[in-house]
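Quick notes on the structure that follows.
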Amino acid sequence: MDKRFEELLAGLLDDELSEVELSELTELVRNDSSRQAELQSQLEAAELLVLAQDELHTPERFLAGLRTANKAVPDGFAPFADVQKSKSSSFLSIAPVAIAAALILVFVFWISARSANSIATIRSVQGEVLWMGDGGSLSEPQPGQRITGGTIKTLSADAWSVVEFLDGSAITVVGQSEMTLAKDDEGRKVVTLNHGAVSADVERQPKDLPMIVRTPAAEIEVLGTQFNVDAEPLQTRLAVNEGLVRLMRLSDGETVDVAAEHQVVASIDQPEQLQAKPRGTAAFTWKSDVKSDMRHGIWVSDIELLAKKLKAAVKRGELTSAAAMKEYKAAVTFSDSGSVCATPFQESKWKLTSRSLILLTVTNRSRPTVITEDSTFRIRGTFDGSPDGSFTLGISTNHRSGGFDGKYVSEVSVTESGESFDVEIPLRAFRQVDTQLGMPPGQKELTAVWCVADGSNTKLRVSVAELLPGSAE
Amino acid sequence: MEPSDEETRKFETLVLQHHVRLRLFVRSLGVDADWVDDVAQDACLTAMRQWNSFDQSRDFGKWLRAIAANIVRNELRKEARRQRIMHTELAEILIKRQHHLSAKAVSLDEPLTIAAVRNCIGELGPKSQKVVEGRYREDLRAPQLAELLNMTATNVRQMLVRIRRRLRECVELRLLKEAADGQTL
């Protein structure tokens with residue numbers, strides 16, 4: 001086995017290869033069956049070692065997880081329905097079944113015993129939400145469900161869930177987010193926000209046992225306060241509404257105390273001094289910068305779009321290559337204009353329907369963006385593939401100086417399928433996701449804007465999302 | 001319609017029998033280590049749904065693996081779900097190769113396989129055993145292991161390649177021997 005291949009193989013199995021090295025490895029194995037065999041053999045052996053060394057991967061646990069997953073599938077799914085008799089009977093050993101059943105019983109008993117040690121209760125669930133208990137099983141969480149520890153995933157843009165610790169401290173996890181809850185050996189509440197957004201109302205904690213909120217970029221120490229956190233892979237934004245919160249940037253250990261009405265951004269790739277800044281006066285208008293605001297979707301530059309259109313025109317014989325090239329060269333600029341596109345995907349394995357989703361964050365501005373009853377949203381883009389020509393425009397809001405307020409949606413009808421649209425939707429056309437009621441009066445902070453279209457063939461592209469001012473500002 | 005207890009038992013017994021082989025198969029298609037469980041579960045859920053159309057005289061394991069291969073193929077088509085795959089092009093090559101391979105002769109039934117793996121680990125030298133434990137029980141990466149064992153990260157990775165190669169041979173040999181004469185592993 002040659003040295004370079006072996007080096008790359010070793011790196012692959014240790015999750016250490018860069019994209020360039022992965023491509024190099026791919027080229028090395030592309031037409032070489034012996035290298036392919038070696039690669040597969042190494043992958044299989046690695047999995048065997050995982051199974052032999054890691055007690056979390058027993059077949060009994062796998063089966064228990066499968067049973068829970070099957071139960072969590074929505075109504076209408078009927079496993080084993082109308083089972084046909086097999087053409088030949090197969091030999092079934094009773095012993096493995098009995099052993100498996102006994103192990104599963106022990107597992108269920110273990111889980112039951114743990115429920116006495118619950119640390120929190122799920123208070124509300126909206127939209128697509130999944131719960132993975134610390135036993136590894138997946139389920140759809142139910143309001144009132146007591147939980148020991150584990151991970152909650154809000155999968156859809158219109159989803160949220162409120163989890164309340166036994167002392168009344170409540171964490172609302174919003175949008176497409178993933179949060180793990182636990183109590184450490186010392187009794188501290190530990191919330192790990194792997195990605196997404198949470199809003200927290202924390203009751204006073206003992207001085208020596210603060211609540212800890214961890215994100216990929218920061219660790220936040222809380223003694224009792226209201227604050228909101230947005231976590232991305234490289235940066236975390238903390239906005240404090242009440243009390244005092246200490247944040248530590250994980251890349252260098254630098255800490256900062258963040259007081260009420262202040263915010264801070266901890267970025268692990270920009271090592272400038274951490275500084276809490278006042279949240280600033282409200283802005284009543286907002287215009288997206290789709291490239292930097294995008295949290296779900298694919299950014300495409302205008303020039304890339306033009307190139308695709310020209311290629312298609314050449315292919316159809318409507319344009320010569322020379323004319324296409326001339327038009328392309330004339331259009332090339334160094335500007336960063338573009339749009340965000342969405343392709344259909346399944347939000348979770350439990351829902352077989354596909355959706356296209358574009359999600360834009362609004363909280364990455366220095367001032368809070370505020371909506372009033374007279375505000376209007378303007379959306380520009382193209383839309384195709386929906387039978388009824390409509391998609392949903394949604395917004396997430398926080399209370400003006402507090403935590404999560406709610407999510408609101410409005411249907412947007414596009415009359416000409418495949419054509420570009422430019423629509424204005426007044427705030428009074430929005431309704432609450434959970435109650436279907438209109439938006440209550442008063443100012444709210446806008447935190448996210450999203451567009452979602454159902455269907456496996458929908459093509460949605462947004463070039464501009466904008467909040468136009470109301471008269472109440 | 002609720003499944004009968006007998007059918008449920010039959011299905012679950014088959015899943016227990018084929019669990020190891022399924023996971024190895026999924027991993028060998030280039031699925032990221034952290035997502036093997038998820039893809040294997042997807043395959044079993046799909047098999048549950050299609051159980052009534054499965055001819056039970058046929059090879060369940062082969063059917064289950066074909067379902068898993070389809071799931072991985074679908075992953076490759078869907079941009080948003082490729083995170084479960086280590087590298088798209090590499091996975092495409094591995095899937096194509098798998099398609100042309102016939103079933104392997106060695107059975108990988110539980111719990112014999114795991115016992116064989118553990119015995120084979122026991123045959124490794126003390127340092128190799130430490131490397132295996134560190135990597136697969138403690139989830140340490142090569143640089144961390146290198147520091148602990150006073151080696152270079154490159155040496156740790158090379159050692160792991162050799163260990164996995166030796167382990168695969170050792171396990172297959174033990175399982176073949178078991179199949180041939182039924183002796184204790």
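A note on names: the letters A, B, ... follow the listed sequences, proteins ahead of strands, and every chain is numbered from 1.
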Residue pair A/Glu16 / B/Arg157, side-chain heavy-atom distance below 4.5 Å: yes

Any salt bridge between A/Glu38 and B/Arg165, counting N to O under 4.0 Å? yes

Would you mind telling me which of B/Val156, B/Leu160, B/Val132 has the largest number of heavy-atom pairs within less than 4.5 Å of chain A? B/Val132

Please name the pair of heavy atoms, one in A/Gln42 and one in B/Val161, separated by the smallest distance, quoted to 0.1 Å. NE2-O, 2.9 Å

Does the side chain of A/Leu51 come within less than 4.5 Å of B/Val117's, by heavy atoms? no

Counting only heavy atoms closer than 4.5 Å, note whether B/Leu167 contacts chain A via side chain, backbone, both or neither. side chain

Would the distance check show the side chain of A/Glu44 and the main-chain N or O of B/Ser28 forming a donor-acceptor pair, the cut-off being under 3.5 Å? no

Side chain to side chain contact (heavy atoms under 4.5 Å, CB included) between A/Leu43 and B/Leu24: does it pass, once the steps are laid out? CA-CA 8 Å; A/Leu43 289 167; B/Leu24 263 60; over 6 Å; no

Give the intermediate values and the outcome of side chain to side chain contact (heavy atoms under 4.5 Å, CB included) for residues A/Phe62 and B/Val15. CA-CA 9 Å; A/Phe62 181 80; B/Val15 168; 3.9 Å; yes

Is the CD atom of B/Glu123 crowded by more than 12 outside heavy atoms at less than 6.0 Å? yes

Verdict with reasoning, B/Phe11 to A/Leu66, per side chain to side chain contact (heavy atoms under 4.5 Å, CB included): CA-CA 12 Å; B/Phe11 182 83; A/Leu66 190 63; 4.3 Å; yes

When rounded to the nearest 0.5 angstrom, what is the spacing between CG in A/Leu63 and CD in B/Gln41? 10.0 Å

A side-chain contact here means heavy atoms from C-beta on lying under 4.5 Å apart; do B/Val36 and A/Val50 qualify? no

Counting heavy-atom pairs under 4.5 Å with chain A, the top scorer among B/Gln50, B/Arg141, B/Glu89 is B/Arg141

Can you name the closest pair of heavy atoms from A/Asp14 and B/Pro143 and give their distance? OD2-CD, 4.3 Å

Give a yes or no answer on whether the side chain of B/Arg118 reaches the backbone of A/Ala52 with a donor-acceptor pair at less than 3.5 Å. yes

Check whether A/Leu39 gets within reach of chain B through its side chain, its backbone, both or neither, counting any heavy atom under 4.5 Å. side chain

Identify the heavy atoms of B/Leu94 and A/Gln36 that sit nearest to each other, and give their distance. CD2-O, 4.5 Å

